[in-house]
Amino acid sequence: MPEGPEVECTRLSLRRFEGKKIVKIELTKLSQKYKKYEGKQKIFDVFIGKTITEIERKGKFLIWNFDFSKVILNHLGMSGHWIISEGADVPTHIIHPKIKILFKNESKIAIFEDARNFGQFRIYDTYQDVINYLPIKKLGSDGLKVPFPQEAFAEKLKLKKNANKEIGRILLDQTLIAGIGNIYKSESLALAKINPLRLVKKLKPEEIERLGSSISIVLHKAVDSMGSSIQSFRTSTGEEGSAQKWHKVYAKAGFDCDSCGNEIIRIVQDKRSTFYCEKCQV
DNA sequence: CAGTAGACTTGGTCCC
DNA sequence: ACTGACCAAGTCTACT
């Protein structure tokens with residue numbers, strides 16, 4: 001569940017554990033097959049008995065704060081997601097559990113399942129160390145910020161290094177606006193009716209403004225869509241959210257555009273798919 | 001400094 | 001049916 005809105009939904013559901021004391025953060029048997037987790041159990045044992053004070057989000061990162069200085073920085077990667085499950089054991093239908101968290105006075109556990117194993121856990125001595133971590137430090141304004149940071153967005157687009165790039169490439173740059181992923185990149189451009197191949201320097205101020213507003217609308221709508229299904233956390237596999245129901249272009253290559261009937265096409269930018277309608281997006 | 005290829009990894013589809 | 005190629009919500013590191 002990896003774009004900004006999905007991470008935000010994850011944060012909202014994990015907030016039930018704020019104020020809860022950690023019994024154990026357990027690296028699963030399966031996790032030990034991978035270098036990134038192998039032999040790291042000790043490092044997580046320092047959280048035993050500590051209480052979660054706040055789980056926050058910066059872009060697509062989750063930051064776990066406790067009642068002592070250490071902090072966990074967690075990224076879901078491509079396939080990582082948190083499952084809240086009743087009972088102390090990982091249900092058998094969860095095939096890629098990497099981390100399990102048990103809490104005091106809490107009948108539910110939190111399970112980090114990550115099929116592709118791109119998820120990240122980094123532990124820092126202090127909050128300041130997290131802030132100094134370059135990928136965090138360099139994050140642009142959050143795309144879910146209200147009101148949308150139009151000025152900061154426009155300023156970054158004016159930077160020399162961005163001027164000659166295609167807008168469809170640059171939207172994934174987390175230092176520009178944090179939280180946009182590959183789906184909402186295409187969807188934002190579709191809503192703004194801007195062709196992903198347009199060069200940043202050729203965009204008119206009103207188009208940049210429209211794109212900013214579109215990003216904001218799309219990301220918030222995504223939170224709302226996912227939010228509805230993430231509430232019903234009983235099934236871990238059925239919690240898809242409903243955002244895909246209103247996608248205009250993402251993964252719709254070969255289908256007709258809802259607005260004009262023209263065929264949606266797929267192109268590749270920076271090795272990532274971009275979907276758009278050539279007629280509607282100019 | 002910027003830009004980019006490669007690394008990490010499993011699973012689904014036969015498409016884009 | 002089976003197989004191999006390709007693709008997928010992302011970021012980090014090392015190299016030019």
Side-chain angles (χ1 to χ4, degrees), chain A residues 1-11 30-38 57-62 73-82 93-98 112-122 130 133-140 143-144 156 159-166 168-188 190 196 200 218-219 222-223 225-226 229-230 237 239-244 247-257 262-278:
Chain A
M1 315 179 67
E3 299 190 35
E6 288 75 15
V7 179
E8 176 64 6
C9 291
T10 301
R11 182 186 74 88
L30 173 70
S31 75
Q32 297 306 295
K33 275 180 36 183
Y34 306 96
K35 245 183 204 154
K36 67 196 320 179
Y37 296 109
E38 191 193 352
R57 180 186 62 81
K58 285 192 186 297
K60 302 174 195 170
F61 290 91
L62 287 172
L73 181 65
N74 169 216
H75 196 288
L76 305 183
M78 290 282 257
S79 60
H81 59 158
W82 284 97
H93 67 273
I94 297 174
I95 1 186
H96 301 285
K98 301 295 166 64
F112 186 69
E113 180 179 43
D114 189 13
R116 292 180 68 185
N117 210 35
F118 292 165
Q120 305 175 25
F121 287 86
R122 294 165 192 271
V130 177
Y133 175 53
L134 228 48
I136 294 286
K137 198 172 199 170
K138 291 176 73 179
L139 284 180
L144 280 164
K156 292 249 179 167
L159 296 177
K160 264 184 192 163
K161 62 166 185 172
N162 292 333
N164 283 307
K165 287 185 182 164
E166 295 161 0
R169 299 177 58 191
I170 212 179
L171 285 182
L172 286 181
D173 181 351
Q174 299 300 296
T175 72
L176 178 64
I177 290 291
I180 302 175
N182 209 36
I183 295 174
Y184 303 128
K185 169 193 82 178
S186 286
E187 291 301 321
S188 298
V200 168
V218 165
L219 294 185
V223 172
S225 306
M226 293 305 214
S229 86
I230 214 139
T237 42
E239 34 99 327
E240 289 161 14
S242 55
Q244 63 281 359
H247 285 170
K248 287 176 181 288
V249 291
Y250 183 79
K252 291 195 186 292
F255 289 91
D256 294 339
C257 170
N262 203 45
E263 192 173 299
I264 306 289
I265 63 164
R266 170 193 181 258
I267 59 170
V268 175
Q269 296 180 299
D270 277 345
K271 297 182 173 177
R272 308 297 302 274
S273 293
T274 301
F275 301 88
Y276 72 106
C277 171
E278 291 175 293

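Letters go in sequence order (proteins before strands), and every chain restarts at 1.
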Side-chain donor/acceptor of Asn74(A) to backbone N/O of Phe61(A), under 3.5 Å: no
Side chain to side chain donor-acceptor pair (under 3.5 Å) between His81(A) and Glu113(A), intermediate numbers included: CA-CA 6 Å; His81(A) 59 158; Glu113(A) 180 179 43; 2.9 Å; yes
Options dT11(C), dT9(B), dC7(C), nucleotide nearest the side-chain atoms of Arg116(A): dT9(B)
Shortest side-chain distance from Asn117(A), nucleotide among dC16(B), dT4(B), dT9(B): dT9(B)
Selection from dT10(B), dG10(C), dT11(C) that lies nearest to any side-chain heavy atom of Asn182(A): dG10(C)
From dT10(B), dT4(B), dT9(B), nucleotide with atom closest to His96(A) side chain: dT10(B)
Pro2(A), nearest nucleotide to its side chain (from dG10(C), dA5(B), dC12(C)): dG10(C)
Side-chain (Glu3(A)) to main-chain (Ile183(A)) donor-acceptor, under 3.5 angstrom: yes
dA5(B): pairing nucleotide in any strand, Watson-Crick or G-U under 3.5 angstrom: dT13(C)
Cys277(A) backbone acceptor or donor facing Lys248(A) side chain under 3.5 Å: no
Per-pair stack call Phe275(A) and dC16(B), 5.5 Å, 30°: no
Euclidean distance for P, dT10(B) against dC2(C) (whole angstrom): 23 Å
Whole-Å P distance, dG11(B) and dA1(C): 22 Å
Spacing of the P atoms in dC16(B) and dG4(C) (rounded, Å): 22 Å
dA1(C): pairing nucleotide in any strand, Watson-Crick or G-U under 3.5 angstrom: none
Nearest-nucleotide pick for Gln120(A), side chain only, options being dC12(C), dA2(B), dC16(B): dC12(C)
Tyr133(A) side-chain proximity, nearest of dT11(C), dC16(B), dC12(C): dC12(C)
From CA spacing to verdict: salt bridge (charged side-chain N to carboxylate O under 4.0 Å, His left out), Glu38(A), Lys35(A): CA-CA 5 Å; Glu38(A) 191 193 352; Lys35(A) 245 183 204 154; over 6 Å; no
C1' atoms of dA8(C) and dC15(B), separation to the nearest Å: 13 Å
Among dG10(C), dC12(C), dC16(B), the one nearest Arg122(A) by side-chain distance: dC12(C)
Selected nucleotide, minimal atom distance to Tyr34(A) side chain, candidates dG3(B), dA5(B), dT10(B): dT10(B)
Nearest listed nucleotide, side chain of Ser273(A), among dC7(C), dT11(C), dG10(C): dC7(C)
